[in-house]
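Worksheet for the structure shown next.
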Amino acid sequence: SKRLLDDVSKANFLQTFSYKLSKRPPYDLVMVSDDNALDVALAHQAQLFPRTPIVFLAINDVQKAIDMDHNPWVTGVVEALSPVATVELMRSLQPGLREVVVVADATPSGQADQASVKGLLKRFPDIDFKVLSLGEMSWTELAERLATLGRRTAVLRLVAFRDKDGTAFDHREAVALMMKSSAAPVYGLRETDVQAGVVGGVVVSHHEQGRQAALIAEKVLQGTPISSIKVLRESPNRPIFYYPALNRFHISLADLPPDSLVLKKPASLAEQYAGFVVGALAIILLLVAFITYLMLQIVARRRVERALAERARRFEGLIRTSAEVAGRIEVEETLSAIAEEAAKLLGVEGAGFRLLEGDDLVVAGRYGLAKEVMNKPTLKVGESLSGLVAREGRTLAVPDVRADDRLHPDHKVRAISLRIVCYLGTPLRYRGGLIGVLNVYGKQRHVFDEEEKALLQAFADHAAIAIEKARLY
């Protein structure tokens with residue numbers, strides 16, 4: 001919009017832009033930046049953007065921006081310099097400040113900047129303000145004057161690009177000359193000044209202007225009526241500083257405002273090696289995860305190995321029991337040997353048999369604590385735990401006999417005195433008929449699993465064979 005210098009260019013632009021807009025769907029929202037762009041948008045709002053929300057930013061004409069509160073389709077962000085806040089910043093960073101030298105040129109922009117800082121004289125009566133105008137001196141003369149400044153002085157750079165001789169420098173060249181020459185810290189009012197190398201200031205930040213305008217646009221696009229959003233009248237300026245300049249004038253970072261942004265600040269060790277640290281931590285976490293996986297695999301393998309070893313031990317016990325059955329004829333002796341093997345393989349303290357004789361279950365071979373807990377010579381089928389196994393013809397497991405009323409009272413008293421807790425019993429069968437019961441007793445509460453029940457049944461089967469073998473002979 002700043003390139004529309006005459007009526008012909010303005011007409012051509014309007015015709016081209018109108019044609020383009022007529023060939024596409026209407027915009028949901030339009031954003032304009034700078035005064036010229038807003039002027040064009042407002043002048044042709046009905047033609048170009050009818051009933052379309054317009055959000056502006058970087059508007060220097062504050063009153064024009066504020067007046068947009070009366071336009072139901074326009075709102076945005078004001079751009080205004082912060083000379084007062086910047087001078088207050090100078091005083092906080094330079095205790096004892098007595099003089100501020102204002103540098104500007106004779107261009108319209110430079111003069112406008114000078115007009116905007118006139119109020120400083122009344123606001124800070126204890127500070128002497130002097131103006132060095134490039135409209136009255138050359139760059140060389142300015143450099144000589146800046147070199148003579150004292151330690152109680154600060155420099156405020158306004159628009160200053162062209163000297164009295166017409167010699168013009170670009171932004172970085174102008175700031176570089178001033179910073180190289182000045183014996184006092186040089187401050188600015190625009191983020192571009194700080195980026196070029198001045199100490200800093202409470203500056204117009206185009207990044208922050210854009211961010212605030214984007215937040216307004218987001219609200220509108222999410223459904224908030226633009227007419228309900230007032231113009232942001234306070235320019236969203238912020239303190240920004242240039243680290244090399246701070247360092248040159250011995251201004252501590254600790255003295256800066258809390259929300260300051262410092263450009264070109266050397267990275268701390270943590271920041272410098274952040275990538276390395278993150279990478280190292282990632283590797284360490286991967287190694288820890290891998291080691292944990294290996295440990296879990298080792299634990300699982302050892303668990304399997306123990307299970308296999310236990311099964312092998314039980315298998316060997318069954319083989320020994322088979323050998324006992326095959327090599328002996330005496331029933332009592334054989335059953336005692338089977339009871340001992342069963343107790344050891346199941347990890348309990350006692351085991352014993354009761355054989356069926358009519359309606360009675362008679363004590364037979366016993367091992368360990370079973371010799372004491374099975375102290376009643378005979379039981380009826382259905383009496384106590386052994387009798388239940390015989391009556392129901394199935395395996396019975398009791399994790400804690402102390403809480404089980406099915407145990408014979410005399411046996412319970414005996415079991416408690418002997419600290420017997422768990423019980424497992426299984427029927428002895430031969431060719432489908434019940435011939436007895438095999439019982440095991442342990443001192444620890446234990447829930448017998450299916451594998452343990454199957455093992456005890458295997459011992460019972462061996463015992464049944466031994467019994468029938470003895471009866472044959």
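All residue numbers in this chain count up from 1 along the given sequence. Heavy-atom basis, side chains included; hydrogens, waters and symmetry copies ignored.
No side-chain heavy atom of V203 sits under 4.5 Å from any side-chain heavy atom of L189. V194 is not listed as a side-chain neighbour of T192, based on a closest heavy-atom distance of 4.5 Å or more. Looking at L396 and L385, their side chains come closer than 4.5 Å, going by heavy atoms from C-beta outward. Looking at heavy atoms from C-beta onward, S18 lies in side-chain contact with Q47 at the 4.5 angstrom threshold. L156 is listed as a side-chain neighbour of L158, based on a closest heavy-atom distance under 4.5 Å. Inter-residue side-chain proximity for R402 and V421 is flagged as met; some heavy-atom pair is nearer than 4.5 Å. Counting only heavy atoms from C-beta outward, the side chains of V231 and V78 approach each other to under 4.5 Å. Residues L345 and F459 form a side-chain contact, since some pair of their non-hydrogen atoms from C-beta on lies under 4.5 Å apart.
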Give the intermediate values and the outcome of salt bridge (Lys or Arg N to Asp or Glu O under 4.0 Å) for residues R172 and D193. CA-CA 8 Å; R172 292 193 175 277; D193 291 331; over 6 Å; no

Working for side chain to side chain contact (heavy atoms under 4.5 Å, CB included), residues W139 and L134: CA-CA 7 Å; W139 285 108; L134 281 170; 3.5 Å; yes

| task | Step by step, work out the salt bridge (Lys or Arg N to Asp or Glu O under 4.0 Å) result for R152 and E99. | result | CA-CA 6 Å; R152 292 178 177 271; E99 181 182 54; over 6 Å; no

### Query
Which is it for D404 and K412 under the salt bridge (Lys or Arg N to Asp or Glu O under 4.0 Å) test, yes or no, and what are the steps along the way?
CA-CA 9 Å; D404 198 310; K412 179 175 289 190; over 6 Å; no

Notebook entry, point to check: How far apart are the C-alpha atoms of S235 and E79, what are their side-chain angles, what is the distance that settles it, and do they pass the side-chain hydrogen bond (donor to acceptor under 3.5 Å, both in side chains) test?
Noted result: CA-CA 5 Å; S235 184; E79 178 186 306; over 6 Å; no

Under the criterion salt bridge (Lys or Arg N to Asp or Glu O under 4.0 Å), I'd like the reasoning laid out for K344 against E341: C-alpha separation, chi angles, the key distance, then a yes or no. CA-CA 5 Å; K344 290 180 178 179; E341 197 68 49; over 6 Å; no

Please report the C-alpha distance between W73 and I226 in whole Å, then the side-chain angles of each, then the deciding distance to 0.1 Å, and finally whether the side chain to side chain contact (heavy atoms under 4.5 Å, CB included) criterion is met.
-> CA-CA 6 Å; W73 293 99; I226 190 170; 4.3 Å; yes

- Query: Stepwise, does the side chain to side chain contact (heavy atoms under 4.5 Å, CB included) test hold for D105 with Q114?
  - Reply: CA-CA 9 Å; D105 63 18; Q114 285 190 58; over 6 Å; no

Please assess V74 against L42 for the test side chain to side chain contact (heavy atoms under 4.5 Å, CB included), listing each intermediate value before the final yes or no. CA-CA 9 Å; V74 183; L42 292 176; 4.1 Å; yes

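Note: Q212 CD to S205 OG = 10.0 Å, rounded to the nearest 0.5 Å. Put simply, CZ on F56 and CG on D34 are 12.0 Å apart, with the number rounded to the nearest 0.5 Å. Here E136 contributes atom CD and K164 contributes atom NZ; the two are 9.5 Å apart, rounded to the nearest 0.5 Å. For the atom pair L455 CG and K453 NZ, the distance stands at 13.0 Å (nearest 0.5 Å). In this structure, the separation between CG on L296 and CZ on R301 is 15.0 Å, given to the nearest 0.5 Å. Within the model, atoms OG of S22 and CG of L48 stand 11.0 Å from one another, a figure rounded to the nearest 0.5 Å.
Between the Q209 side chain and the V204 main chain, no donor and acceptor come within less than 3.5 Å of each other. S182 places no side-chain N or O within 3.5 Å of a backbone atom of M178 that could act as its donor or acceptor partner. A distance-only check finds a donor-acceptor pair linking the side chain of R238 to the backbone of D259 [under 3.5 Å]. Between the S260 side chain and the P257 main chain, a donor and an acceptor come within less than 3.5 Å of each other. At distances below 3.5 Å, at least one donor-acceptor pair connects side-chain atoms of D35 with backbone N or O atoms of D61. One N or O on the side chain of E452 and one on the backbone of D449 form a donor-acceptor pair closer than 3.5 Å. S417 places no side-chain N or O within 3.5 Å of a backbone atom of A415 that could act as its donor or acceptor partner. Checked by atom type and distance alone, the side chain of T153 never pairs as donor or acceptor with a backbone atom of L149 at under 3.5 Å. A donor-acceptor contact shorter than 3.5 Å links the side chain of T292 to the backbone of V288. When atom types are taken as modelled, the side chain of T148 and the backbone of R145 share a donor-acceptor pair closer than 3.5 angstrom.
With respect to V373, the side-chain contact (heavy atoms from CB on, under 4.5 Å) criterion is satisfied by exactly one of V401, I416, L418, N439: L418. Of the candidates D113, T86, N237, D113 is the only one forming a side-chain contact (heavy atoms from CB on, under 4.5 Å) with L81.
Open room surrounds CG on D28; 12 or fewer heavy atoms of other groups in view lie less than 6.0 Å from it. Applying the 6.0 Å contact sphere to CD of Q15 captures no more than 12 heavy atoms from other residues, nucleotides or ligands. Within a 6.0 Å sphere centred on CZ of R248, other residues, nucleotides and ligands contribute more than 12 heavy atoms. More than 12 heavy atoms of other residues, nucleotides or ligands lie within 6.0 Å of NZ in K64, so this atom counts as buried by the packing criterion. Within 6.0 Å of atom CD in E141, more than 12 heavy atoms from other residues, nucleotides or ligands are found, so the atom counts as buried in its surroundings.
When all heavy atoms are compared, the tightest approach of V220 to I229 is CG2-CD1, 3.8 Å. Residues P236 and V77 share a closest heavy-atom pair of CD-CG1, 3.5 Å. The two residues A104 and G110 come nearest to each other via the heavy atoms CB-O, 4.1 Å. Heavy-atom minimum distance, A154 versus Y187: CB-CE1, 3.8 Å. Summarising the geometry of P83 relative to V117, their closest heavy-atom pair is CB-CG1, 3.6 Å, with the distance given to 0.1 Å. Nearest heavy atoms, A58 versus S33: CB-OG, 4.0 Å.
Using cut-offs of 30° and 60° for the angle between ring planes, the F17 and F49 rings count as perpendicular.
Applying the ring-ring contact (aromatic ring centres under 6.0 Å, His included) rule to Y423 yields the partners Y441; only residues at least two apart in sequence or on another chain are considered.
For the residue pair Y367/E349, the side-chain donor-acceptor check at 3.5 Å is not satisfied. Side-chain atoms of H171 and Q195 form no donor-acceptor pair, as typed in the model, at a separation below 3.5 Å.
Between R233 and D69 a salt bridge is recorded (basic side-chain N to carboxylate O distance below 4.0 Å).
Cation-pi geometry between R157 and F161 is met: the NZ or CZ atom falls under 6.0 Å from the ring centre, inside 45° of the normal. Taking the ring axis of Y27 as reference, the NZ or CZ atom of R24 stays within 45° of it and closer than 6.0 Å to the ring centre.
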